[in-house]
Protein chains: 2
Amino acid sequence: MVTMGDVARLAGVSKMTVSNVVNNRDGVSDLVRQRVLDAIERSGYRVNLSARTLRSGRTGVIGLAVPEIDLPYFSHLAELVIGAARRRGYHVTLERTGAVAAGEAGALAHSRLLQFDGLILSAVALDGLDERLTDAGHPIVMLGEQDFGGRFDHVAMPNEDGVRAATLHLADQGCRRIGIVTGAPRDGVNVITRRYHGYLAALAERGLAADPPLLLPLNDMTMEAGRAAAHRLADAGHEVDGLVAVTDTVATGVLRGLADRGLRVPGDVRLVGFDDVPQSRFLVPSLSSVAPDHRWMAEKAVELLVERIRAPHRPTGAYVAPFELVVRESTR
Amino acid sequence: MVTMGDVARLAGVSKMTVSNVVNNRDGVSDLVRQRVLDAIERSGYRVNLSARTLRSGRTGVIGLAVPEIDLPYFSHLAELVIGAARRRGYHVTLERTGAVAAGEAGALAHSRLLQFDGLILSAVALDGLDERLTDAGHPIVMLGEQDFGGRFDHVAMPNEDGVRAATLHLADQGCRRIGIVTGAPRDGVNVITRRYHGYLAALAERGLAADPPLLLPLNDMTMEAGRAAAHRLADAGHEVDGLVAVTDTVATGVLRGLADRGLRVPGDVRLVGFDDVPQSRFLVPSLSSVAPDHRWMAEKAVELLVERIRAPHRPTGAYVAPFELVVRESTR
DNA sequence: TTGTATGCGTTATCAG
DNA sequence: CTGATAACGCATACAA
């Protein structure tokens with residue numbers, strides 16, 4: 001391995017001068033700088049990041065932990081976070097938590113172990129009371145889901161308002177029997193309860209009833225689960241003319257499940273999703289969806305993390321992403 | 001930061017003994033070991049990976065560079081690679097190349113810079129002749145696309161055979177005017193030319209003509225591009241009863257584009273994709289697709305990389321993934 | 001079974 | 001403007 005020492009000898013200067021050139025510091029004459037650059041070129045020298053990290057205490061890497069990488073919503077978000085981080089001089093390591101508390105706690109431990117400068121955690125299982133989060137001092141930004149009671153910087157989805165807007169939209173399109181396909185209710189303030197509350201709020205506003213059979217809980221938020229829920233709904237024969245799906249992924253499954261049972265969208269049932277993932281506009285019928293500003297979220301999360309890395313003791317902030325309701329064929 | 005020295009002082013032993021305990025080496029009495037473990041517990045000590053890396057020369061991290069993270073095919077593959085690597089004790093860092101040669105070369109440089117133990121590169125732009133790949137010595141496995149003339153370990157997609165099977169299937173379903181929606185032809189042996197050859201081979205086998213208007217080249221492999229191609233095809237009024245799309249992502253767009261023009265799948269046109277991404281079975285109509293064994297590919301790539309890390313001078317190997325043709329509604 | 005000395009490649013400090 | 005020296009935290013070799 002070529003070291004700074006080798007380059008220094010080759011250029012006839014000290015290691016320190018090489019270091020100064022490599023790090024683009026000034027205080028090096030143009031002549032010497034050029035000699036050093038030549039020596040680097042000739043020798044094929046590369047800085048050793050481990051040594052630099054050992055010395056400087058920072059790695060320039062931030063972690064991004066998401067439940068699943070192959071859910072379109074998260075891969076899309078990851079793409080945006082990577083871009084935002086890169087613009088600020090950071091590299092991003094993606095980690096998968098599997099949407100379980102152990103995985104999320106593990107991502108945090110791992111982030112510290114590998115000495116990432118900070119972690120953006122898209123937590124869906126841990127909540128603000130979890131003791132595994134007590135281990136402070138590591139810069140963390142929470143992204144998107146749970147409520148953490150102000151313990152962390154937090155960029156949230158417009159869960160309640162988004163679903164409320166979606167439900168109101170269905171009502172305004174004439175739907176009177178509106179169901180919701182969402183996760184199994186859990187205690188605490190989380191994405192499921194928030195979205196459910198948004199649904200209830202909208203129904204109340206329009207004077208519609210929340211009929212229990214129209215609440216379709218899922219064990220996991222997959223296309224398969226959405227499809228199965230649509231089958232259950234159709235087979236039970238309940239009257240329904242509008243459906244809110246908790247995510248576009250679930251909505252994709254619901255769309256398929258309704259087609260399996262010969263129900264037409266939007267003819268028989270209108271359907272609206274949440275996330276506005278890229279493929280939603282290409283589905284047949286194209287899917288109406290609550291579209292949080294993902295780019296804004298990614299930028300905000302990275303910005304918050306970078307600030308916290310710089311100033312670990314700033315007070316935390318909580319932000320909710322703006323959104324718009326994108327109306328497409330599935331509700332027209 | 002708590003260091004080994006701190007733990008040693010707390011436990012009343014030397015740093016070396018702490019190191020031995022941390023690395024599970026024997027030669028430490030149970031009594032002392034327990035005292036050290038207690039001290040670690042109390043102090044909240046964590047090993048410093050950078051320091052360890054500096055000494056040992058390995059990071060335990062491998063890079064995975066893919067064109068885009070938010071294309072379902074790649075996110076799905078990434079998920080599988082992460083799992084395969086984890087089972088072998090490696091962590092995976094995802095990198096995005098943007099499907100351009102500079103990005104792919106950059107990923108390689110970056111992998112060396114950050115001292116990943118190795119890199120799995122899903123290259124679509126670089127080819128075996130590119131000088132930026134001359135920089136040897138870093139363990140690399142090429143995944144999925146280009147031809148590298150035996151310079152690297154290589155796990156390839158069944159490009160030619162897969163498209164051939166898809167095209168034969170269309171012919172066997174009675175299609176006589178079969179088109180292909182694929183990338184713009186480029187020189188050299190690459191995924192585009194290979195898949196195109198598979199298409200031509202199948203047509204020849206069935207005695208069908210390759211009609212130039214039925215070759216629909218795309219500038220990029222997106223849903224949007226697929227949709228636009230379908231529009232072009234429909235608007236030109238060429239007779240067509242079967243279409244091979246170069247990826248499921250493109251096929252999703254084609255499906256949508258045909259729907260825009262009132263063409264029914266499979267009634268008017270049968271359509272088959274390539275990759276069998278998770279959402280393909282949920283589309284309406286569900287999409288027939290060439291399904292390479294992605295899990296096999298991920299396992300093979302990681303296995304090859306780990307072997308190369310261990311034995312840098314082994315001869316390289318090239319493997320082609322097995323596949324099956326999954327027949328769904330779009331061709332029935 | 002445990003401790004001491006040394007060095008990995010880099011950067012901070014301070015002297016020249 | 002440039003260089004000498006001393007760390008950073010850990011692990012290897014060897015001594016006790």
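Predicted model only: the values in this text are computed from it and were never measured. Numbers restart at 1 for each chain; the letters A, B, ... are given by sequence-line order, proteins then strands. Values below: every heavy atom of this structure, side chains too, minus hydrogens, waters and symmetry copies.
Over its full length, the helix from C:dT1-D:dA16 to C:dG16-D:dC1 turns its helical axis through 40°, comparing axes from the five pairs at each end and rounding to 10°.
For residues 301-311 of chain B, every residue pair satisfying the side-chain hydrogen bond (donor to acceptor under 3.5 Å, both in side chains) rule, not counting sequence neighbours, is listed here: B:D153-B:R308, B:E307-B:R314. The salt bridge (charged side-chain N to carboxylate O under 4.0 Å, His left out) analysis of residues 99-109 of chain B, with sequence neighbours excluded, yields no pairs.
The nearest heavy atom of DNA chain C to B:A51 and to B:D26 marks one nucleotide each, and the one closer to the 5' end goes with B:D26.
A:D38 is linked by a side-chain hydrogen bond (donor to acceptor under 3.5 Å, both in side chains) to A:Q34, counting only residues two or more places apart in sequence or in another chain. With sequence neighbours excluded, the residues satisfying side-chain hydrogen bond (donor to acceptor under 3.5 Å, both in side chains) with B:E79 are A:R96. For A:P322, the side chain to side chain contact (heavy atoms under 4.5 Å, CB included) partners at least two apart in sequence or on another chain are A:D293, A:W296. With sequence neighbours left out, the side chain to side chain contact (heavy atoms under 4.5 Å, CB included) criterion links A:R55 to no other residue. By the side chain to side chain contact (heavy atoms under 4.5 Å, CB included) test, A:A101 pairs with A:A125, A:L126, A:R132, sequence neighbours left out. A:L80 is linked by a side chain to side chain contact (heavy atoms under 4.5 Å, CB included) to A:H76, A:H294, A:R295, A:A298, counting only residues two or more places apart in sequence or in another chain.
Counting only heavy atoms from C-beta outward, the side chains of B:T3 and B:N48 never approach each other to under 4.5 Å.
In this structure, of D:dC10, D:dC8, D:dA11, it is D:dA11 that holds the atom nearest to the side chain of B:S19.
When atom types are taken as modelled, the side chain of A:D117 and the backbone of A:G60 share a donor-acceptor pair closer than 3.5 angstrom. Side-chain atoms of A:T316 come within 3.5 Å of backbone N or O of A:G150 as a donor-acceptor pair.
Within 4.0 Å of B:V47, counting heavy atoms only, lie sugar-phosphate atoms of the nucleic acid but no base atom. Residue A:V32 is classed as a sugar-phosphate contact, given heavy-atom separations below 4.0 Å to backbone atoms only. Contacts of A:S56 with the nucleic acid, taken as non-hydrogen atoms under 4.0 Å apart, are absent. Counting non-hydrogen atoms under 4.0 angstrom, A:N20 reaches nothing in the nucleic acid. Counting any heavy atom pair closer than 4.0 Å across all strands shown, B:R33 reaches no nucleic acid atom.
The separation between A:R55 atom CZ and D:dT5 atom C1' is 11 Å, rounded to whole Å. If you take OH of B:Y45 and P of D:dG9, they are 10 Å apart, rounded to a whole angstrom. When the P atom of D:dA11 is taken as reference, atom CG of B:N24 falls 12 Å away, rounded to whole Å. Computed from coordinates, the B:R25 CZ to D:dA13 P distance equals 11 Å when rounded to whole Å. Rounded to an integer number of Å, the gap from CZ of B:R52 to P of D:dT12 is 10 Å.
Bounding nucleotides for the chain B contact on DNA chain C, 5' to 3', at a heavy-atom distance below 4.0 Å, are C:dT1 to C:dG9.
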Can you list, pair by pair, the side-chain donor-acceptor contacts under 3.5 Å of residues 24-31 of chain B, counting residues two or more places apart and other chains?
from	atom 1	to	atom 2	distance (Å)
B:R25	NE	B:N20	OD1	2.9
B:R25	NH2	B:S19	OG	3.2
B:S29	OG	B:V32	N	3.3

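The stretch residues 8-17 of chain B touches DNA chain D through B:K15, B:M16, each having a heavy atom within less than 4.0 Å of the strand.
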